[in-house]
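Letters A, B, ... are given to chains in the order of the sequence lines, protein chains preceding strands, and every chain is numbered from 1. Any value given below was found using the heavy atoms of this structure, including those in side chains, with hydrogens, waters and symmetry copies removed.
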2 protein chains.
Amino acid sequence: MTNRKNSEREPDGLRERKRRDTHRRITEAGLKLFSARGFDATTLDAIAAEAGISRRTFFHYFRSKDDILLSLQTGLGESLAAALAERAPGQRPIAALRQAMHALLAAYAPDELLALDRLMLSSEAVQSRKQATYLQDEALVFAALCAYWPEENPAALRLAAILSIGITRVSMEAWRSGDGQRPLAQYVDDYFDALAGI
Amino acid sequence: MTNRKNSEREPDGLRERKRRDTHRRITEAGLKLFSARGFDATTLDAIAAEAGISRRTFFHYFRSKDDILLSLQTGLGESLAAALAERAPGQRPIAALRQAMHALLAAYAPDELLALDRLMLSSEAVQSRKQATYLQDEALVFAALCAYWPEENPAALRLAAILSIGITRVSMEAWRSGDGQRPLAQYVDDYFDALAGI
DNA sequence: TCCATATTTTGCACTCAGTGCAAAATAATA
DNA sequence: TATTATTTTGCACTGAGTGCAAAATATGGA
């Protein structure tokens, strides 16, 4: 503990490079085996072997088998909260959220997302944990909204947060079941438009 | 398979009575031990012993340890959907949902709910699965809304479903962290009122 | 280059959840 | 009571995940 200056830095010694590499190899091994045999039928022994490490070492990189998939989830809440920083002055929360979501969508890589989503569907536990992360995303968005619109009614901001995450969720769902024909952004707009007629 | 007329009936022979009793004993044993030692520290062996059955028999009653707690969850989606049948003619979906939630709330037993909720908090897996059930509730409410308001824009009904479940969630949260001082129904009203100012 | 130290990897032994199978115990029925 | 259906149990097994301590490897300085 004499070494390592209170973290923060991203050192680039052999150690860190190897660590990142091992992490990547485990992820790749997991994805490869999951898609080949399914999540449940893939044992940690198989993943460790494929990644060229011991079973025990796996747990120094991931807390559980689930986490291989879950760690690939993009931090929706964080991203949305960050994108809110670009709001226009005087803009209403909902309008700002709509704009923030469009900004995010531009950065998405559709095909990988679809494939990952399908993999997650194959394990009940993973699926549950994934859905639970939506609530955390919602909390992050709510916090950001409170910070940026301190004069608004918190209850209304809470609802705005619920809606933004909910719209993301159902838009992705609609987009996925339409196999990505229409662009994701259009579904998002449909839902935001529907908000007026509620 | 010559017996049992395609289920539906709730026979009351010795077999069924014993079965129900065992189920109840397992639940009670689980709750007792969970609150005494915590969820994770309670083994299935301990639960089986406390309930007076063998470990193997446990799995004829529950699919997993989690399910002891999860099976106690009230079917929010089903109840809400059912309560929507009482809607007034010409009433808007949101107004009907608000009314339906009030009808439900009247039937709730606060203290048990609070205790159960706290137990669920103690296991990550249980918590995730519980939160995942919200999405199923949402789907049920959405289906009911579509059935009752076929002329409305489905996207708007989807948002209404999202909001109704979301409001339930955050109301319970606020109520729980306020330790049940204000009645749950007031939180619900606060959120529905806030809807106007979004 | 070699040494002392910090970190990572590994093996081993263990606990516990959950499953498949077949035999034993118990209830229903005739 | 005898036959049949259902439930309970024991046993042996797989696989996830953990604690511990020793072995292997990287780092930084002399």
Provide, to the nearest angstrom, the distance between the [atom1] atom belonging to [X] and the [atom2] atom belonging to [N].
X     : N      : atom1 : atom2 : result
B/R20 : D/dT7  : CZ    : P     : 12 Å
B/I68 : C/dA17 : CD1   : C1'   : 12 Å
A/R37 : D/dG15 : CZ    : C1'   : 14 Å
A/R17 : C/dT7  : CZ    : P     : 18 Å
B/L33 : C/dC16 : CG    : P     : 14 Å
A/H23 : C/dT7  : NE2   : P     : 19 Å

Would you give me the side-chain donor-acceptor pairs under 3.5 Å for residues 155-163 of chain A, sequence neighbours excluded?
unit_1	atom_1	unit_2	atom_2	d
A/R158	NH1	A/E138	OE2	3.0
A/R158	NH2	B/E173	OE2	3.4

TODO: Rounded to 10°, tell me the angle between the two end axes of the helix from C/dT1-D/dA30 to C/dA30-D/dT1, each built from five pairs.
DONE: 10°

For nucleotides 22-26 of chain D, give me every protein contact, N/O to N/O, under 3.5 Å, one pair per line with atom names.
unit_1	atom_1	unit_2	atom_2	d
D/dA26	OP1	A/K18	NZ	2.7
D/dA26	O3'	A/R15	N	3.4
D/dA26	N3	A/R15	NH2	2.8

Show me the side-chain donor-acceptor pairs of residues 125-133 of chain A shorter than 3.5 Å, one per line, residues at least two apart or across chains.
unit_1	atom_1	unit_2	atom_2	d
A/S128	OG	A/E124	O	3.1
A/R129	NH1	A/D67	OD1	3.0
A/R129	NH2	A/D67	OD1	2.9
A/K130	NZ	A/D117	OD1	3.3
A/K130	NZ	A/D117	OD2	3.4
A/T133	OG1	A/K130	O	2.4

Task: side chain to side chain donor-acceptor pair (under 3.5 Å) involving A/D45 - partner list, sequence neighbours excluded - done: none

Task: salt_bridge(B/D21, B/R17) N-O dist < 4.0 Å - done: no

TODO: May I ask you to decide whether A/R169 forms a salt bridge with A/D137, counting only side-chain N to carboxylate O separations under 4.0 Å?
DONE: no

Which pairs with one or both residues in [range] pass salt bridge (Lys or Arg N to Asp or Glu O under 4.0 Å), sequence neighbours excluded?
range                       : value
residues 99-108 of chain B  : none
residues 139-151 of chain B : none
residues 73-92 of chain B   : B/R92-B/E152

Below 3.5 Å, can you tabulate the donor-acceptor pairs from side chains in residues 31-40 of chain A to any protein atom, sequence neighbours excluded?
unit_1	atom_1	unit_2	atom_2	d
A/K32	NZ	A/E50	OE2	2.9
A/S35	OG	A/L31	O	2.5
A/S35	OG	A/K32	O	3.4

TODO: Within residues 41-65 of chain A, find the residues that approach DNA chain C with a heavy atom at under 4.0 Å, and present them sorted by residue number.
DONE: A/I53, A/S54, A/R56, A/T57, A/H60, A/Y61

Open item on the list: Listing request: all ring pair (Phe, Tyr, Trp, His ring centres under 6.0 Å) pairs with a residue in residues 115-165 of chain A, at least two apart in sequence or in separate chains.
Closed with: none

Open item on the list: Once ring pair (Phe, Tyr, Trp, His ring centres under 6.0 Å) is applied, what residue pairs with a partner in residues 45-101 of chain B remain, sequence neighbours excluded?
Closed with: B/H23-B/F62, B/F58-B/F62

